[in-house]
Amino acid sequence: MRRLLAFLLITAIVVAGAVWLADRPGEVTIRWQGWRADTSVPVLLAVLVVLVAALSLLGRLLRLVFGAPGRFLAARRARRTRKGYVALSDGLAAVAAGDSRQAAKLARRADKLLADSAVTGLLSVQAAQMSGDADALRSRFQAMTERSETAYLGHRGLMDQALKAGERKAALDHGARAFTLQPGAEGLAAGLFELQLEAGQWPEAALTLATARRHSALTGDDPSRLRALLLFARAEAAQASGDTASALSLAEDARDCDPSLVPAVVLAAALLGARGKLRKAAALILSAFKTAPHPDLVAQWAALGPNDSALERVKRMQKLVEANPASPDGHMGLAEAALAAKLWGQARTHLDKARDQRPTLRTLTLLARLEREERKDEAAAVAWLAKAGEAKPESAWTCGSCGHPASVFSVNCPACHAAGRMEWR
Ligand SMILES: [Zn+2]
């Protein structure tokens with residue numbers, strides 16, 4: 001309808017124009033280089049219209065001829081892109097189907113056709129992961145680090161690869177790069193902190209902790225515990241280098257950060273004891289023993305009185321037991337002191353209490369010793385030792401990540417390197 005109206009309108013304008021010209025006849029004369037042409041105005045107008053139409057036709061023809069190669073190339077590019085995306089989607093389907101060879105083949109094809117690593121990167125990475133081709137995976141991640149959009153993923157991937165290969169230094173470098181790009185990434189801060197602690201990079205580890213706290217990136221980890229761990233690691237390093245003043249101050253800071261970090265309390269108490277500050281050392285141990293009893297605290301408590309007589313040692317141990325009567329460690333310490341002082345009744349009472357709470361091989365051995373020393377009763381001693389099969393295992397520092405047991409506390413697990421996972425159980 002609209003087209004019909006337009007057609008009628010144009011026809012009306014043309015007819016009106018023709019009538020207007022017919023009503024106003026005139027002549028035109030053109031002289032040029034000895035030529036002369038006489039004509040009327042309508043004829044001249046008609047010639048001009050034909051000339052414009054011919055020029056426009058010529059222009060179109062030229063564009064058609066000279067634009068052909070460009071159009072051909074653009075069409076070829078579009079075809080390649082289309083094929084590339086088909087390879088990409090087929091490759092992702094192959095990954096989903098678990099066909100690693102097909103996925104790798106299609107990843108290479110998509111890579112060639114699309115020539116855009118940001119688009120094909122994911123498929124190539126997944127294909128390399130499935131086929132277990134570590135070198136291909138590594139070079140793919142390396143390529144990803146060179147583009148700002150994928151740099152974080154590249155460094156994170158390289159960090160994981162280095163960890164798997166046991167290359168802790170390379171893992172640390174890539175972890176640090178990834179962390180500067182995405183400090184809030186899940187699990188990254190804890191992994192990096194662990195590597196930095198292990199490498200003795202104290203300022204860097206402190207910075208990681210502070211940044212991770214700002215980004216709430218420490219899910220599942222207690223930041224105070226991690227800070228205490230860092231301070232304790234620094235205290236141990238200072239002590240190893242002979243700087244006991246710094247070691248003491250750092251151990252005390254670690255203990256203030258996390259009062260249940262027994263090794264920090266033990267180290268601080270030992271260093272205080274060595275400086276003659278026995279009262280302060282004793283207060284530290286008693287306070288820790290109330291909430292986190294441990295045999296190392298018992299040993300350090302005894303070490304505060306190296307010249308104690310047997311009876312003095314018993315009195316000292318009584319004080320510790322009063323601080324936490326529920327701990328079998330205190331009763332064991334007191335029973336041993338009582339045995340040494342030949343206070344048989346007291347030794348038996350506390351060995352019984354320790355056995356009630358946690359019957360271990362050490363408890364049974366001390367009970368057997370008591371039977372031998374007090375009553376010379378070999379049969380009773382053997383009877384205690386015969387119960388060894390029912391004894392509960394002695395507590396040990398055990399890694400919460402891999403279950404590795406150790407007799408001595410360490411900041412990083414000796415087996416899996418996890419930081420702050422050694423628990424006394
Ligand atoms: Zn472990």
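Below, each value reflects all heavy atoms present in this structure, side chains not excepted, and no hydrogens, waters or symmetry copies. In listed order, ligands and their atoms are each counted from 1.
Rounding to 10°, one obtains 110° for the angle at the Zn ion (ligand 1) between SG (Cys402) and SG (Cys416). Rounded to 10°, the angle formed at the Zn ion (ligand 1) by Cys413 SG and Cys399 SG is 110°.
Aromatic rings from Trp397 and His294 are positioned such that their centres are separated by under 6.0 Å.
In the model, Arg255 has a side-chain atom that pairs as donor or acceptor with a side-chain atom of Ser287 under 3.5 Å.
For the side chain to side chain donor-acceptor pair (under 3.5 Å) criterion with Thr208, the lone passing option out of Arg213, Gln196, Gln201 is Gln196.
Taking every heavy atom of both residues into account, Ala178 and Leu188 meet most closely at C-CD2, 3.7 Å.
The Zn ion (ligand 1) does not have His404 among its coordinating residues (no N/O/S atom, backbone or side chain, under 2.8 Å). Taking 2.8 Å as the criterion, His417 does not count as a coordinating residue of the Zn ion (ligand 1), since none of its N, O or S atoms falls below it.
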